[in-house]
Amino acid sequence: MKVILDSVGPCPTAIDAHVVDETLARRRFVSLLRSHGHDAKAIRGELMSIGWHEKAAENAIAEIFDSKSISPQLHGRRVGPDLTRLPSRLDLGDRGASVQVRVHHPDLCLVGDFLSADECERLIADATPLLRRSLIIRADGVVDENGEEAYSRTSDQANFLPGASELVDAIQQRVSRFTGWPATHMENTQVVRYRPGADFGPHHDFFDPEAHRGLIDREGQRIATLILYLNTPPDGGVTTFTDIELEIYPQRGSAVYFAYPQQSPASLTMHSGAPLGSGEKWIATYFLRDRAISQH
Ligand SMILES: O=C(O)CCC(=O)C(=O)O
Ligand SMILES: [Fe+2]
């Protein structure tokens with residue numbers, strides 16, 4: 001679909017342009033079966049008998065039977081690019097990039113050449129003097145919205161506000177161009193460094209819909225992530241998607257994108273940054289929210 005590459009920028013209609021019906025059609029089909037009195041088990045069997053992948057069936061069922069986990073802000077809209085129609089070469093405005101891998105459940109893709117080597121090096125150099133220990137927001141009912149240090153995330157990071165540099169803005173625009181999501185609906189650029197032994201244990205990127213209700217009501221829910229790899233670590237640091245047994249080996253300049261419009265384990269987006277063996281691992285992360293973020 002051309003829309004993704006044509007509709008860019010901080011204009012809210014960019015989101016409306018992504019009303020694509022694949023997800024809706026899936027939901028409607030499961031709703032229909034449910035309205036005819038089928039329970040989740042029967043629907044799962046029905047879907048698998050007509051060739052659905054087991055995880056796709058579970059996903060669609062969870063979306064209907066656990067509908068409170070779907071971000072209400074999205075109103076059934078697709079998040080980010082229509083991955084079903086990605087051309088192999090992408091026009092990201094100021095740069096071309098190449099699609100290398102596409103996964104259907106969850107919606108995930110790997111893009112090469114998202115950044116040049118020079119851009120990666122400059123971002124690392126700019127971030128280095130600003131690094132602070134990374135924090136996590138716990139999803140276990142102990143609510144600390146400001147985040148806290150944890151053994152499960154042992155990296156350092158620097159956050160860049162929009163306007164921090166031409167480079168930061170150019171990259172954010174590129175992310176916006178790729179995702180079709182306005183920069184106003186993205187968190188600040190986060191540049192993260194792992195040293196040997198550092199890792200980020202298995203987690204979901206979305207905020208816990210119950211434990212962090214206040215945060216979500218004020219600032220919106222996370223719905224998709226784009227990770228940019230700024231270097232090629234010599235050993236380890238693989239990003240692992242545990243539900244689907246996918247391992248992404250970081251390569252300088254490449255990006256992995258994944259969406260989770262449904263904030264539950266059924267999104268199949270549990271992932272981790274494996275411990276680094278030697279050298280350093282550098283990434284930049286972009287978290288998309290379901291609405292504009294007022295506070296930066
Ligand atoms: O370091 C990685 O490979 C994963 C990072 C990550 O999951 C995150 O920043 O949320
Ligand atoms: Fe993550």
Side-chain angles (χ1 to χ4, degrees), residues 79-80 100-101 103 106-112 114-115 120 123-124 127 131-140 145 147-160 171-172 175 179 186-208 212 215 221-265 267-289:
V79 173
Q100 297 177 332
V101 171
V103 173
D107 248 342
L108 177 152
C109 71
L110 180 67
V111 176
F114 203 100
L115 299 180
C120 293
L123 206 50
I124 289 173
L131 291 171
R132 297 272 180 282
R133 173 73 186 262
S134 301
L135 304 175
I136 61 157
I137 298 178
R138 289 169 64 164
D140 59 3
E145 296 179 355
E148 60 185 20
E149 290 189 12
Y151 287 116
S152 61
R153 190 181 189 196
T154 45
S155 52
D156 299 298
Q157 72 182 68
N159 297 351
F160 292 103
I171 297 173
Q172 200 179 38
V175 174
T179 57
M186 282 179 211
E187 293 177 29
N188 297 329
T189 303
Q190 300 180 21
V191 178
V192 183
R193 179 191 66 184
Y194 297 82
R195 287 183 143 163
D199 68 348
F200 194 170
H203 64 280
H204 293 104
D205 283 344
F206 50 79
F207 303 126
D208 185 274
H212 300 118
L215 175 66
Q221 174 62 284
R222 286 177 171 175
I223 48 176
T225 303
L226 186 127
I227 300 175
L228 293 170
Y229 297 103
L230 304 182
N231 76 330
T232 308
D235 175 22
V238 169
T239 308
T240 303
F241 289 83
T242 40
D243 297 318
I244 55 171
E245 300 179 4
L246 173 69
E247 296 180 356
I248 308 277
Y249 281 69
Q251 299 284 326
R252 169 166 279 182
S254 67
V256 64
Y257 166 85
F258 54 100
Y260 35 90
Q262 166 200 24
Q263 290 85 33
S264 82
S267 68
L268 304 180
T269 57
M270 170 85 85
H271 61 283
S272 62
L276 190 67
S278 60
E280 292 186 338
K281 170 185 169 189
W282 287 85
I283 57 172
T285 47
Y286 291 85
F287 298 104
L288 277 50
R289 298 274 183 102

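When a ligand or atom number is given, it counts from 1 through the structure's own listing order.
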Query raised in the report: Just wondering, do Tyr286 and Ile171 contact through their side chains at under 4.5 Å, heavy atoms?
Result: yes

Requested in this report: Could you tell me whether the side chains of Asn188 and Gln190 share a donor-acceptor contact shorter than 3.5 Å?
Outcome: no

**Report entry** Residue His203, metal the Fe ion (ligand 2), N/O/S under 2.8 Å
**Finding:** yes

Requested in this report: Nearest 0.5 Å please: distance from the CD atom of Glu187 over to the CZ atom of Arg222.
Outcome: 4.0 Å

**Report entry** Expected output: side-chain Gln221 to main-chain Phe207 donor-acceptor under 3.5 Å
**Finding:** yes

Query - Between Thr232 and Tyr249: side-chain donor-acceptor atoms closer than 3.5 Å - result: no

Query raised in the report: Less than 4.5 Å apart, any side-chain heavy atom of Val175 and any of Tyr257?
Result: no

Query raised in the report: Taking side chain as C-beta onward, heavy atoms only, is Phe258 less than 4.5 Å from Asp205?
Result: yes

Query - Asp205, N/O/S atom nearest the Fe ion (ligand 2) - result: OD1

For ligand 1, list every N/O pair with the protein closer than 3.5 Å, one pair per line with the distance.
residue	atom	partner	partner atom	Å
ligand 1	1 (O)	Tyr194	OH	2.6
ligand 1	1 (O)	Lys281	NZ	2.8
ligand 1	3 (O)	Thr239	OG1	2.5
ligand 1	3 (O)	Lys281	NZ	2.7
ligand 1	7 (O)	His203	NE2	3.1
ligand 1	7 (O)	His271	NE2	2.9
ligand 1	10 (O)	His203	NE2	3.3
ligand 1	10 (O)	Asp205	OD1	3.1

